[in-house]
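In what follows, a single structure is set out as structure tokens and then discussed.
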Amino acid sequence: MQRRNFLKNSSTAAVGLLSTPIIASCQEINESNKAVAVASKEIRPIAICTWNFKNATAKAWEILEAGGSSLDAVQEGAMVEEADVNNQTVGVGGRPDREGNVTLDACIMDKDGNCGAVLCMQNIASPVSVARKVMEETPHVMLAGKGAEQFAYEQGFEKTDLLTEQSRQEWLEWKKTSEYKPVINIENHDTIGILAIDSKGDISGACTTSGMGYKYAGRVGDSPIIGAGLFVDNEIGAATATGVGEEVVRTVGSFLIVELMRQGKSPQEACEEGVKRIMAKNKGRTDFQIGFIAINKKGETGGYCIQPGFSYRTYSEAGHADNPSESFLKV
Ligand code: SD4
């Protein structure tokens, strides 16, 4: 806006106060409007998730394509895997802890930085949906254990037996030796972390898991911990993690990746740096897997992991794809 026009449009009182800072702020408004216009042309809706959970990204994309919010997209995408009894690492059918109890962890985060999480919750089939209720219906971010379960019932969720016959039989088999050995890239590591950008350019994310199979009772990993298993900053981008949660917590992995993107790294570079930081603290260790995925505000994506074998799924206008991830270790 020209200074002269601005003066013409200003009230008499405002004219009296007119000074450089006001003109500067007028210019800033013009600049930021321009930025919004440019950004809106650049909005590329996309859903991306850890591993090859194609039904989850398909569901998320269905919502995004219909103009739905990224928050609904990530929740409903995650719910697909929670409901799949054949997925033994998420929701119903998840592997139990060493006592035989299935305990679920999940979190969700929206474009405004609101978030909710449930930790170590039993008997509820969709922890990500309870996490969203925690975010929207309580003044809290996290509810754990019995309290989370009680809250879920109050919100109308039904009690569900989460232990399937298959998971029960495998647990009984495991009990014969009771050896705790997370297996690299076997379904023991198939948490779904899902991120999306909607047609308004807003980013949300969710993460849901039954955690490490045969874990100690009460163990919580990274997946429901905001900053570790998931982080969203609508100005910058989002990241989420899968794998051995203890290591992701130690480096606050997802927050780290978003911060690296804030400093100018691409999602790919940021994921690589996140994995390198973990490996720097675990020199010589080759027996665990972690995979990170990330998106930035422009809809660019990236993924990186420790062991070969990790991939991530993307769904955008460009199509539905499984993307094999590069890995830190090569064999
Ligand atoms: C956890 N990060 O509980 C989860 C496990 C996982 O794929 O990712 N499994 O540590």
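Heavy atoms only: backbone and side chains are in, while hydrogens, waters and symmetry mates are out. Each ligand, and each atom within it, is numbered from 1 in the order the structure gives.
Near Asp190, with a cut-off below 4.0 Å to any heavy atom, the atoms of ligand 1 are 7 (O), 9 (N). With ligand atoms numbered from 1 in the order given, ligand 1 contributes 2 (N), 4 (C) to contacts under 4.0 Å with heavy atoms of Ser223. Atom numbering of ligand 1 starts at 1 in the shown order; those under 4.0 Å from a heavy atom of Gly211 are 3 (O).
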Between His320 and Thr57, is the side-chain contact (heavy atoms from CB on, under 4.5 Å) condition met? List the steps.
CA-CA 8 Å; His320 201 192; Thr57 38; 2.9 Å; yes

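Taking the ring axis of Tyr315 as reference, the NZ or CZ atom of Arg313 does not stay both within 45° of it and closer than 6.0 Å to the ring centre.
For Arg219, the closest heavy-atom approach to ligand 1 falls below 4.0 Å.
Considering backbone and side-chain atoms alike, Gly245 places an N or O below 3.5 Å from some N or O of ligand 1. Polar contact with ligand 1: absent for Gly221 (N/O pair, distance under 3.5 Å). Taking only nitrogen or oxygen atoms, main chain and side chain alike, Thr209 does not reach within less than 3.5 Å of ligand 1. Of the N or O atoms in Trp51, none lie within a sub-3.5 Å distance of an N or O in ligand 1.
For the residue pair Thr242 / Trp51, a side-chain donor-acceptor distance below 3.5 Å is found, with atom types taken as modelled. Checking Glu300 against Ser266 by side-chain atom types alone, no donor-acceptor pair falls below 3.5 Å. No donor-acceptor contact under 3.5 angstrom links the side chains of Glu259 and Gln263, judged on distance only.
Side-chain contact check for Val134 versus Val118: some heavy-atom pair is nearer than 4.5 Å.
For atom 2 (N) of ligand 1, the choice among Asp222, Thr191, Thr208 with the nearest heavy atom turns out to be Asp222.
Under 4.0 Å from ligand 1, heavy atoms of Met212 appear from its side chain as well as its backbone.
Taking both residues in full, the closest heavy atoms of Asn87 and Glu81 are given as ND2-OE1, 2.9 Å, listed atom of the first, atom of the second, then distance.
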